[in-house]
Amino acid sequence: MTVRTRFAPSPTGFLHIGGARTALFSWAYAKKHGGQFILRIEDTDVERSTPAAVQAIMDGMHWLGLDYDEGPFYQMQRMDTYKKVLQTMLDKGTAYHCYSSKEELEALREAQTLAAAKPRYDGKWRPEAGKTLPIVPAGISPVIRFKNPQTGSVVWDDLVKGRIEIANAEMDDLIIARADGTPTYNFCVVVDDYEMGITQVIRGDDHVNNTPRQINMLNALGATVPQYAHLSMILGDDGQKLSKRHGAVSVMQYHEDGYLKEAVLNYLARLGWSHGDAEIFNMQQFCDWFDLDHITPSAAQFNTEKLSWLNAHYIKEANIDELSSDIATRLAALNIEVKLQPKLQDVLGLYRERVNNLNQLANDIAYFYALPQASASDIEKHITPEVKPALHELAGQLATIEWTAEAIHHEINQVVTRLQLKFPKIAMPLRVMLIGIAQSPSIDQVMALLGQKETLARIQTVLKY
RNA sequence: GUCCCCAUCGUCUAGAGGCCUAGGACACCUCCCUUUCACGGAGGCGACCGGGGUUCGAAUCCCCGUGGGGACGCCA
């Protein structure tokens, strides 16, 4: 049987880090086994679902390169199918109409909670051999409930958590269609997983409790039960649960925040899954290695520092043209236009080794294309009266030489030696004058890239004071 | 409250009864490299939640605690 997995988000918000990892694992599992990965949009909650959220989710998946083989399928467009199945179940007696009102149910729940019992439906309208049902009230449209078995238990071997057994006595008859006739989540999932031939359901931990109900419905439908793999959740950097109010951000935010998708992907893959000591691997390797056996069943805390470490690695590895185009975009956002000289690729070649973030990279090299603004304290600290003569002398010499890093280095050495100064004594003020801060790569290389004319102009500007 | 799940360095994890004196990675600390800041290199610090079993032998299996999390909607 060919493997078919799916990612089934509800379009009520962006694709966050947890959803992205679920999608990644489902995707990788399908790839690993030469199967299909399906995208299904669970939009039956009309109130909260939005087209913008659908777009946001697809944008996130697209950025990460999580391509799907089938879909997107929208549940709202599959109503006919659901209604047909609903009718079949009603006919077969595995589902029934329930006329209990929302108010009635709420009161019931309240009473049960008060009595410290598990809130659940009391089975008032559940048909039973020899049982007389209440009189159907006029003018009330009923909901449809699934007739869940009341004895025995549901057992499945979770591919992540192992054997899980839940007693049917713990479950009540869940509503599978609302009063307005629209089917609900657990029912749609069952019908879809069945009809789409899903073989492995890989989803979040929070669905563990839905699984036995879904298995019961699958059985009622005479369907093959897929395998289930429940992924534990991802906690925020602070160990707290991620929520809209606290720390949950779109994966696209990582793009904006200067992370390469390769880093995010590698990080996510390694969060809750491992392959021996492997830390750095590309998606091809990940798909080759991926298995459900090595997923940790416990929750994992997100660690931005490790993500940054991976980001640094992938910035070094990145294709230089792709990196350039990314950085040019970020510079544009800073209102800095990349000029022809120095070539952005060359500048990046000098800088990419030292950073772990693309925004930082753009920011660090901005001075090549825009005038830097040194702080008064840096100027005061480094451009002291005693080095000014040296700087003047150097400036004069630099105007005459061939403009290469070697020649510049040689020239600085000459001046330094002649005036009996330490190299940093002159390198630091040069940095402040040229770059605006006292930290940079090798100053001679920076100057070589900046160009003779620009370098001298910047030096003169400062020395005039 | 009921049910379900989880538990190894600060963090991500390796670990399938002897390869464990518990390994790797991030972070941190020290040193080296050095023209500053980084990068890089070499070291270091640092964990099996507690208690009972089972066994010749337990991080690993079982039970009980404890702690954390999840579910209990005409949400998904």
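Of the listed nucleotides (B:C4, B:C12, B:C6), B:C6 has the atom at the smallest distance from the side chain of A:Lys161. Which of B:G24, B:U11, B:A7 sits closest to the side chain of A:Glu279 comes down to B:G24. Of the candidate nucleotides B:C26, B:G1, B:A76, B:A76 has the atom nearest to the side chain of A:Thr184. The side chain of A:Lys118 approaches B:G1 more closely than any other nucleotide in the set B:C74, B:G24, B:G1. Listed nucleotides: B:A76, B:C3, B:G73. Nearest to the side chain of A:Pro119: B:G73. Distances were taken from every side-chain heavy atom of A:Asn186 (C-beta onward) to each of B:C5, B:C74, B:A76; the shortest belongs to B:A76. Set against B:C6, B:G70, B:A76, the side chain of A:Asn209 has B:G70 as its closest nucleotide. For A:Lys306, whose side chain is taken as the heavy atoms from C-beta onward, the closest listed nucleotide among B:G70, B:A76, B:A25 is B:A25.
A:Trp156 and A:Asp158 share a donor-acceptor pair across their side chains, judged by distance under 3.5 Å alone. Side-chain contact of A:Asp59 with A:Gln55: a donor-acceptor pair under 3.5 Å is present, judged by distance alone.
Look at B:G73: it lacks any Watson-Crick or wobble partner with both distances under 3.5 angstrom. B:A7 and B:U66 make up a base pair, with Watson-Crick or G-U wobble contacts both under 3.5 Å. Base-pair partner of B:U34: not found among the strands shown (Watson-Crick or G-U wobble, both distances under 3.5 Å). Nucleotide B:G43 forms a pair with B:C29, judged by Watson-Crick or G-U wobble geometry with both contacts under 3.5 Å.
B:C39 adopts a syn glycosidic conformation, its chi angle falling within 90° of 0.
Here the options are A:Thr50, A:Ile41, A:Asp45, the test is side chain to side chain contact (heavy atoms under 4.5 Å, CB included), and the partner is A:Pro11; only A:Ile41 passes.
For A:Arg431 and B:U35, a side-chain-to-base donor-acceptor distance below 3.5 Å is present, hydrogens and geometry of angles not being considered.
Stacking of A:Arg203 on the aromatic ring of A:Tyr228 is not recorded, the 6.0 Å distance cut-off and the 45° axial limit not both being met.
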